[in-house]
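Structure first, commentary second.
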Amino acid sequence: MLVRLAYRSLLARKLTVLLTVLAIAMSVALFLGVEKVRNGTKASFMDTISGTDLIVGARTGSVQLLLYSVFHMGNASNNIGWHSLEEIASLKGVDWLVPLSLGDSHRQFRVMGTTAEFFQRYQFRRGQQLSFTKGQPFGDLFDTVIGADVAKALGYQLGDPIVISHGLVSFSKHDEHPFRVSGILEKTGTPVDRSVLVSLEGIEALHVDWRQGRKISGQTTQADVLRQMDLQPNSVTAALVGTTSPMRIFSLQRAINNYPQEPLQAVMPGVALQELWQLVGVAETALLVISAMVIITALLGMMANVFASLNERRREMAILRAMGAGPATIFLLLMVETLLVVATGCLLGVLLVYLLLGLGQGYIDQQFGIWLQLQMLTPRELMTLAAILLAGACASILPAWRAYRLSLADGMMVKS
Amino acid sequence: MNPAATTSLTLNKVSFTWPGSRQFALQIDAFHMQAGEKVLLLGQSGSGKSTLLSLFAGIISPQAGSIQVAGENLVDLTSSKRDRFRAEHIGVIFQQFNLLPYGSVADNILLPLSFAAQRRKRVITNGSLESEALRLCKALQLPEKILKAHVGELSVGQQQRVAVARALIGQPDIILADEPTSALDSNSQQAFMDLLMAQVTAANSSLLMVSHDPSLANYFDRVIQLEDLCKGGVC
């Protein structure tokens, strides 16, 4: 009967209760939303590269190697000789090796030279492969495949010409040999979206008439001639390596790190990604703190609400007291009411988050490359909801105690 | 009703002061009520009638003296035991009826039974809770379908009778009534008092009503002026 009375009492004050429930629901939705975005961002970040066992580059920090080879940020301290790369490819345990050559750019996007095998081997989001919205991998020396963001930002279509600039910030353009868009990749939410991919030979072809960062004056090798040339590079920036078995990863990593001919480094992408995530973890913590503050504010608001409603409910409390309800019952009644409000707010908040996720999942993936999974609440999220309920119960203690005191004093004195 | 108790209510050398006040709000030397007796306590507004009812109901405790209800000294009981005792043995009718505004008629009538196991058991022994509520409604000349109605939909007269039914359900030892007729005209007052007295007699309960209206005296076994009860000229 008490629960029914609590429920009916809440119904009788439906407007203020509704506003309180909405405030809690919005706070819970915000908290869970931040959690989902945080988890989704982390998962998307961690899934930037998968299926690759080692990233090999010149000896430097593991985070730096990851940054320039995968995220295309910053520059390599040195290159890897082609001969070294061939030796690594022949090491026991190496299943495949995809070289990466970075250094040139097109407009605001990086140009990456690689082999056609890149499209089969590069995986993201737990084993998902690159796929083409339009076109195909490069067939000709001057073919290029562009990421989804490049196509969208520059409005490129298949067959459109692309002129590559020398270096990252340069006024020198390789305009004598424009490339042609042969394929446009699907959105991946990875740096590939912002990349212009060309073949390794294409990168070499661009630099045939260049020496030490400058174009040789008066020399322009014709495209058809270039197509006939042996354009094997002397060096590349980095390489993605797959092993025949996960058991081989550590021994292979050790072998590459101790490679005698050249100072090289091999890093496991997962470990390096984890290190990099820790660097941006402060923002993650800040987000959590903000959403926790929002919940605390909502609970304080609810407590103020219960306090404010107490005065108008003195008569109700006095009636219950006169009917034989003990102070403990009055205390319990307010607790039950508050918990009903908080529980309804939590439930509504959870439904709101899932509704928004369901509606916005595709858009967020398209716009930001963050895949927010529609999965059950995690144990951490459930714990948080339980903590909110507990906090709600705690927040009701003070008003409940005051009601206990008031009802004792009021007794039968409140007339109307 | 406790058959062992022949005295329904006894006050002995009771002094009560509201917290923070230096003056006594009430000082009563002695007061007795027999089981089944109907007593009218007359007093002017602000004379301390409601305070006295709160003392009888065990909602407030005196600084000195004893208050015996149905053989139990309320002063000796802990706060929670007093609450349970009140629920089991005392029915209260308020001047403003004080029905729970958000409840149905049935909710309001059955409310005291939520806190009084014995009283509830007495009702269940004779039938269901709803049937007893319905019987009381009929006895108080309320329409049969009223049980599910919201109290906000009732007339003042109907609300008053629902308040009486709430006090009477489960046949408590004593009914305390705080000026329940103050809002009624003389015809309605008479009809109400006839119904109340009949039902209190049927429940075999004692009735202590406080009022400022001496015309009600004929309905009662005994009439007492509050001024006569109090001493020291304070109340």
Atom group of B/Ile90 that falls short of 4.5 Å from chain A, counting heavy atoms: neither

CD/B/Gln44: more than 12 non-hydrogen atoms of other groups inside 6.0 Å: no

Heavy-atom pair with the smallest gap, counting every atom of A/Met323 and B/Phe94: CE-CE1, 3.9 Å

Considering all heavy atoms, the nearest B/Tyr102-A/Glu316 contact: OH-OE2, 2.7 Å

Minimal non-hydrogen separation, B/Ala87 against A/Gly324, with atom names: CB-CA, 3.7 Å

Qualifying salt bridge (charged side-chain N to carboxylate O under 4.0 Å, His left out) pairs, either residue in residues 42-59 of chain B, two or more places apart: B/Lys49-B/Glu179

Closest non-hydrogen atom pair, B/Arg166 against A/Ile319: NH1-CG2, 3.7 Å

Heavy atoms of other groups near A/Met26 CE, more than 12 under 6.0 Å: no

